[in-house]
Protein chains: 2
Amino acid sequence: MSVTIKDVAKAANVSVASVSRVLNGRDNVNEETRKRILAAVRRLRYMPNGAARSLITRRTHTLGALLPDLHGEFFSELIRGIDIAARARGLHLLVSSSHGDADEAAAALRTMRGKVDGLLVMSPYANADFLADNLPPALPTVLINTPHTPENCMAMSVDNHAGAYAMVEHLASLGHRHIAFISGPEDNFEAQNRLHGYRDAMAALLPGVPVQILEGEFTDNSGYLAGQHLLQLEQRPDAVFAANDMMAIGCLSALHEAGLRVPEDIALAGFDDIPLARYITPKLTTVRVHIAELGEQALARLVQAIEEPNTDAEREKTLQSELVLRASSGTGAHETRRKTAHASKV
Amino acid sequence: MSVTIKDVAKAANVSVASVSRVLNGRDNVNEETRKRILAAVRRLRYMPNGAARSLITRRTHTLGALLPDLHGEFFSELIRGIDIAARARGLHLLVSSSHGDADEAAAALRTMRGKVDGLLVMSPYANADFLADNLPPALPTVLINTPHTPENCMAMSVDNHAGAYAMVEHLASLGHRHIAFISGPEDNFEAQNRLHGYRDAMAALLPGVPVQILEGEFTDNSGYLAGQHLLQLEQRPDAVFAANDMMAIGCLSALHEAGLRVPEDIALAGFDDIPLARYITPKLTTVRVHIAELGEQALARLVQAIEEPNTDAEREKTLQSELVLRASSGTGAHETRRKTAHASKV
DNA sequence: GGCGCAACTGTAAACGTTTTCATAATCCAT
DNA sequence: ATGGATTATGAAAACGTTTACAGTTGCGCC
């Protein structure tokens with residue numbers, strides 16, 4: 001059995017109340033007894049039990065993060081942003097990821113009750129019904145990149161639509177007309193928004209030019225296959241815009257294999273600005289998403305909601321993305337950046 | 001106030017004991033009352049409080065992970081491995097990272113008491129004294145990549161020494177004699193082992209050839225600077241072996257800028273096999289560390305120690321690394337792999 | 001009819017804290 | 001001396017569970 005506050009109290013010849021007081025930095029305890037207590041704490045190697053503590057204080061100093069995965073650049077960055085923000089506030093992070101199905105996600109969510117002070121949720125299953133059924137009631141929650149925001153939650157997302165729109169705008173400004181798009185998975189909310197951004201921009205900026213959409217799945221291999229497909233189209237596009245960087249990189253391999261030069265023969269652009277993007281040749285023009293910042297801000301808002309429950313800040317917030325122009329779109333060697341239009345729907 | 005087990009009991013006209021029983025899947029409760037209870041649970045949206053539960057059961061179904069950082073390829077992979085293994089067992093992960101100093105790490109460790117069933121620790125501060133002072137007693141712990149393993153802990157690490165040794169062996173087998181080394185940070189345990197591996201291999205395989213060591217810091221920029229330095233040496237090396245891939249990539253930039261061809265003029269090798277390594281030109285020869293597997297195995301061992309505390313498995317375990325031969329060392333275009341000698345010290 | 005047994009259910013103690021309230025001790029001004 | 005503050009301390013309730021134990025039934029059987 002490990003040492004409890006009672007053992008410390010006994011060892012220091014005081015009551016548990018006094019021990020608790022010094023451990024929580026209350027000032028109303030005699031200097032001499034405080035010393036005696038601290039000595040006992042040290043001698044016995046006492047560490048308070050977190051479960052007992054949070055049971056009574058209703059505070060865990062822990063935030064839960066429900067994520068679909070931990071793999072890859074995106075989540076690595078997201079977690080990093082969340083972590084930085086959490087650490088700055090002395091909070092722990094309880095992560096739960098990789099949910100095969102909605103039931104698993106639900107179970108994970110339910111077991112968080114009593115273990116966290118708030119929740120960060122990013123999940124393909126996070127629709128209104130799911131959340132209503134499985135979110136512990138009265139637990140502050142921030143949704144990340146979800147299609148819909150229920151009444152009692154806050155939301156935080158990336159402006160994928162504006163980013164994609166801006167990229168098409170950029171490619172069009174360079175004189176490209178036939179701009180093909182390699183899409184992401186159909187059931188992915190972000191992929192949908194990027195596709196819409198592409199469609200809307202094509203319709204608005206290049207009316208009459210037919211859209212060309214190749215199906216991808218956000219993997220480099222699917223980008224490679226799309227690249228091969230693309231070369232067989234009767235109308236070869238002037239430019240290819242992939243819905244994420246990994247697919248752009250895969251596509252680049254296919255283009256290189258076919259002997260095409262990028263950007264001379266065909267321009268290429270991606271989305272995300274993963275670290276790899278600046279290391280490949282040519283360097284990839286892309287839309288930068290400030291993923292870490294997304295995590296940081298989401299957490300910051302969550303903490304605010306926990307600490308000041310009444311002051312209701314704006315429920316939804318959208319993070320602007322940024323155009324990163326590099327060699328692959330044929331804009332010259334120097335990298336430039338430009339904020340995308342903020343087309344928030346709030 | 002949120003709904004507790006008492007509310008459910010009242011609503012179903014039973015005692016809390018019965019509610020607890022059906023929630024924990026005990027069979028000794030009447031089918032009809034079970035239904036009544038489950039109905040009440042659903043109606044009230046009851047979710048058990050984790051803190052109360054773990055206070056009495058002494059189980060949290062959560063594992064703690066103390067890491068120095070969450071940023072970068074290494075930790076992303078490590079966390080991924082840990083996460084996969086945790087999820088397979090229905091466990092949560094409480095992460096705490098980015099500790100600026102030992103005190104912070106200590107605080108993080110202490111607050112884990114009562115919130116986790118076991119601990120995964122990877123920290124530059126994790127020496128014997130630190131652990132003895134701050135590890136909650138009797139809490140199963142697995143140390144990752146630490147120099148020394150105290151009595152009551154288990155350890156898991158990568159065989160950096162053998163990996164570096166094998167790489168020198170490979171380079172020497174290609175006829176290179178003057179093999180320079182770009183080292184990592186001096187206070188980093190892994191960097192030290194890689195350096196030792198290099199030194200030992202040079203002494204054993206190329207006796208008489210002087211070692212050439214450039215100081216780096218594991219960043220691509222420090223690799224770039226080392227590369228510039230290296231070109232000014234009176235004896236230009238035939239090959240450069242960087243203590244990690246990022247530095248190799250930085251060095252590559254410097255070599256390219258100076259007009260040198262890799263591997264024709266100078267061979268290059270790294271360590272880690274980060275995803276980037278196969279995307280740069282030429283593809284980087286490197287030592288692959290199975291980082292995710294490291295995390296998985298560490299967690300698996302931790303869980304075993306928790307579930308069967310008496311059966312003491314081997315305390316330390318070393319994970320073999322693997323040589324990945326690609327173009328940058330001049331071995332031809334095809335990638336080959338080869339296990340490094342297992343020079344475990346157990 | 002009483003006994004033992006099985007099946008079900010409830011009571012209450014425990015887990016390790018925090019915190020309210022009461023009490024004791026000290027002090028200072030009358 | 002006496003009273004009212006002020007300060008330091010302890011006793012005990014509370015947090016929401018689980019579980020050992022003790023009932024309470026109903027049943028079959030001598």
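Hydrogens, waters and symmetry mates are skipped; everything else that's a heavy atom, side chains included, is used. Labels below follow one simple rule: chain letters A, B, ... track the order of the sequence lines, proteins then strands, and each chain is numbered from 1.
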**Request:** Give a yes/no answer on whether the side chain of Arg26(A) brings an N or O atom under 4.0 Å of OP1 or OP2 in dA8(D).
**Result:** no
**Asked** Ile5(A) CD1 to dG10(D) P: how many Å, rounded?
**Response** 12 Å
**Prompt:** Is any side-chain nitrogen or oxygen of Thr57(B) closer than 4.0 Å to OP1 or OP2 of dC15(C)?
**Reply:** no
**Request:** Would you check if there is a donor-acceptor pair between the side chains of Thr60(A) and Arg53(A) at a distance under 3.5 Å?
**Result:** no
**Message:** What is the distance, to the nearest angstrom, from the CG atom on Leu44(A) to the P atom on dG16(C)?
**Reply:** 15 Å
**Prompt:** CD1 of Ile56(B) versus P of dT17(C): gap in Å, rounded?
**Reply:** 14 Å
**Request:** Find out whether Met154(B) and Thr149(B) are in side-chain contact, i.e. whether some heavy atom of one side chain is under 4.5 Å from a heavy atom of the other.
**Result:** no
**Request:** Would you mind reporting whether Val95(B) and Ile79(B) have side-chain heavy atoms less than 4.5 Å apart?
**Result:** yes
**Prompt:** If you check the Asn49(B) side chain, which of dC8(C), dT17(C), dT17(D) turns out closest?
**Reply:** dT17(D)
**Message:** Pick the closest DNA chain C nucleotide for Val29(B) and for Ser20(A) by heavy atoms, then say which residue is nearer the 5' end.
**Reply:** Val29(B)
**Request:** Show your working on side chain to side chain donor-acceptor pair (under 3.5 Å) between Thr62(A) and Lys115(A) and close with a plain yes or no.
**Result:** CA-CA 7 Å; Thr62(A) 301; Lys115(A) 290 178 158 185; over 6 Å; no
**Asked** Think Asn24(A) has a side-chain N or O under 4.0 angstrom from the OP1 or OP2 of dT18(C)?
**Response** yes
**Message:** Side chain of Arg21(A), heavy atoms from C-beta onward: which of dT9(D), dG16(D), dT17(C) has the nearest atom to it?
**Reply:** dT9(D)
**Item:** Atom-pair distance (CD on Glu32(B); P on dC8(C)), nearest Å
**Value:** 12 Å
**Asked** Under the 3.5 Å rule, do the base of dG16(C) and the side chain of Arg113(B) count as making a donor-acceptor pair?
**Response** no
**Asked** If you pin Val16(B) and Ala17(A) to their nearest nucleotides in DNA chain D, which one's is more 5'?
**Response** Ala17(A)
**Request:** Report yes if at least one side-chain N or O of Ser18(A) is closer than 4.0 Å to OP1 or OP2 of dG10(D); otherwise report no.
**Result:** yes
**Request:** Provide, to the nearest angstrom, the distance between the CG atom belonging to Asn30(A) and the C1' atom belonging to dT6(D).
**Result:** 14 Å
**OP1 or OP2 of dT18(C) under 4.0 Å from side-chain N/O of Arg59(A)** = no
**Message:** Can you tell me which residue among Leu109(B), Val142(B), Leu66(B) is in a side chain to side chain contact (heavy atoms under 4.5 Å, CB included) with Leu119(B)?
**Reply:** Leu109(B)
**Item:** salt_bridge(Glu77(A), Arg80(A)) N-O dist < 4.0 Å
**Value:** yes
**Request:** State which of dG10(D), dG16(D), dT18(C) makes the closest approach to the side chain of Ala52(B).
**Result:** dG16(D)
**Nearest-Å distance for atom pair CG/P, residues Asn28(B) and dT24(D)** = 19 Å
**Fill in**
Among dT18(D), dT9(C), dC15(D), the one nearest any side-chain atom of Arg58(A) is dC15(D)
**Message:** Counting only side-chain nitrogens and oxygens, does Ser15(B) get under 4.0 Å of the OP1 or OP2 atom of dG10(C)?
**Reply:** yes
**Asked** Does the side chain of Thr33(A) get closer than 4.0 angstrom to OP1 or OP2 of dT9(D) through an N or O atom?
**Response** yes
**Prompt:** Which nucleotide sits closest to the side chain of Val14(A): dG10(D), dT18(D), dA20(D)?
**Reply:** dG10(D)
**Prompt:** Within the pair Arg53(A) and dT18(C), is there a side-chain N or O less than 4.0 Å away from OP1 or OP2?
**Reply:** yes
**Item:** For atom CG of Leu55(A) and atom P of dT17(C), their distance in whole Å
**Value:** 12 Å
**Request:** Return the value, rounded to whole Å, for the distance between atom CG of Asn13(A) and atom C1' of dG10(D).
**Result:** 13 Å
